[in-house]
There are 2 protein chains.
Amino acid sequence: MQITRQSEYAIRTMLELAQATSGELLSARYISERQDIPEDFLKKTVKLLAMADLVVTQRGPSGGVRLARPADQINLADIIAAVEGPIALNQCLSPGYDCPNQLTCPVSRNLARAQQAMLKELRRESLADMLKH
Amino acid sequence: MQITRQSEYAIRTMLELAQATSGELLSARYISERQDIPEDFLKKTVKLLAMADLVVTQRGPSGGVRLARPADQINLADIIAAVEGPIALNQCLSPGYDCPNQLTCPVSRNLARAQQAMLKELRRESLADMLKH
DNA sequence: TCATTGTGGATTATTTTTATCTTATTTATC
DNA sequence: GATAAATAAGATAAAAATAATCCACAATGA
């Protein structure tokens with residue numbers, strides 16, 4: 001029922017990138033040192049963020065990572081979903097899964113409602129908002 | 001970010017008990033067969049529910065399990081917390097954990113808000129409500 | 001006394017998560 | 001073109017969490 005450590009790494013990484021002057025590339029090594037995240041693991045995590053179009057990467061010397069769009073257009077739900085896949089409180093609410101009883105199942109309905117409420121709040125503030133406060 | 005299978009077992013068990021005529025004891029074996037849950041694992045799960053005062057157990061022949069209080073006074077948050085411990089979206093929000101930055105950390109604040117919203121919905125309907133619909 | 005049921009603890013198996021390592025590929029710079 | 005710095009990709013290992021099983025024990029109703 002918790003976000004993974006990898007999601008937390010991803011969030012800290014995205015905040016670090018959001019603080020960088022716009023367009024500036026930060027290397028995985030630099031971020032890993034600043035945020036105390038294992039470098040290789042961070043690279044993998046950055047790849048997930050890139051596949052979700054949250055960051056853009058650039059190879060070669062003076063390469064690195066930057067946000068793919070302005071920090072006011074990225075929220076926690078985006079980041080967690082990029083790392084963990086679609087957010088679902090139970091398997092029966094995951095995209096591919098189709099439980100025959102889903103529509104009538106009261107448990108499913110309640111979990112779905114809780115999930116929606118959570119998602120709404122995870123989408124409330126952008127990275128930019130979080131840096132302001 | 002999902003509830004565990006054990007929590008799901010616990011929810012199904014509690015619904016089964018809520019359907020039983022009040023005061024009736026159901027054996028772990030009976031529930032495990034009806035709900036297709038491994039018997040020994042279910043017994044452990046029932047123990048967790050008993051420790052949380054959600055069910056009462058009785059040994060001996062014709063022993064079994066029943067709800068510890070009326071079904072309209074038990075909700076999904078109770079059950080999940082009984083099995084998984086206090087619900088926390090991130091370690092930094094768990095009871096024992098104290099992060100020095102917690103108060104000012106914008107991530108923590110947002111996760112806490114999402115967690116509260118989710119909990120509110122998990123507490124909305126009781127077992128009795130769920131059986132009605 | 002005996003069969004039935006939960007208790008408790010140990011152990012194993014499986015899955016998920018986290019971390020590491022190695023070899024490629026890209027690319028700026030000299 | 002050579003070189004060095006960076007990401008890409010995939011294999012593997014290590015650790016942790018979850019799920020399942022097993023067994024000896026204690027309670028209790030018949």
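Proteins come first, then strands; the chains are lettered A, B, ... in the order of their sequence lines, and each starts at number 1.
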* NZ of A/Lys43 versus P of C/dA24: gap in Å, rounded? -> 15 Å
* Indicate yes or no: does A/Asp78 engage A/Arg69 in a salt bridge with an N to O separation below 4.0 Å. => yes
* Spacing of A/Ile79 atom CD1 and A/Thr45 atom OG1 [to the nearest 0.5 Å] -> 12.0 Å
* Side chain of B/Pro38 - closest among C/dG6, D/dA20, C/dT18 -> D/dA20
* Asked: To the nearest angstrom, how far is B/Leu48 atom CG from C/dG6 atom P?
  -> 15 Å
* Quick one: does A/Arg59 reach the base of D/dT7 with a side-chain donor-acceptor pair under 3.5 Å? -> yes
* **Nearest heavy atoms of B/Met130 and B/Leu15, plus distance in Å** => CB-CD2, 4.4 Å
* To do: Nearest whole angstrom, please: distance from the P of C/dT7 to the CG of B/Leu42.
  => 11 Å
* What integer distance in Å separates B/Ile3:CD1 from D/dA17:C1'? -> 16 Å
* Asked: Using a cut-off of 4.0 Å on non-hydrogen atoms, how would the nucleic acid contact of A/Ala50 be classed: base, sugar-phosphate, or nothing?
  -> nothing
* Structure fact -> To the nearest angstrom, the CD1-C1' distance between A/Ile37 and C/dT18 comes to 13 Å
* Between B/Ser27 and C/dT4, does any side-chain N or O lie under 4.0 Å from OP1 or OP2? -> no
* C/dT16 phosphate, OP1 or OP2, under 4.0 Å from B/Gln2 side-chain N/O -> no
* Asked: Starting at the 5' end of DNA chain C, which residue's closest nucleotide do you reach first, A/Phe41 or A/Gly60?
  -> A/Phe41
* **Nucleotide C/dT25, atom C1' - distance to NZ of A/Lys47 in whole Å** => 13 Å
* Of the candidate nucleotides D/dT7, C/dA3, C/dG6, which contains the atom at the shortest distance from the side chain of B/Pro61? -> C/dA3
* Asked: Quick one: do the B/Ser94 and B/Gln91 side chains pair a donor with an acceptor below 3.5 Å?
  -> no
* Base, sugar-phosphate alone, or nothing: which one does B/Tyr9 contact when heavy atoms must sit under 4.0 Å apart? -> sugar-phosphate
* 5' priority, DNA chain C, between A/Ser62 and A/Lys44 [closest heavy atom] -> A/Lys44
* Structure fact -> Rounded to whole Å, the CD-P distance (B/Glu39 to C/dT4) equals 13 Å
* Roughly how far, to the nearest 0.5 Å, is CD of B/Glu125 from CG of A/Asn110? -> 4.0 Å
* Protein-nucleotide distance (B/Asp40, atom CG; D/dT18, atom C1'), rounded to Å -> 16 Å
* Asked: Would you say A/Arg5 reaches C/dA19's phosphate, i.e. side-chain N/O to OP1/OP2 under 4.0 Å?
  -> yes
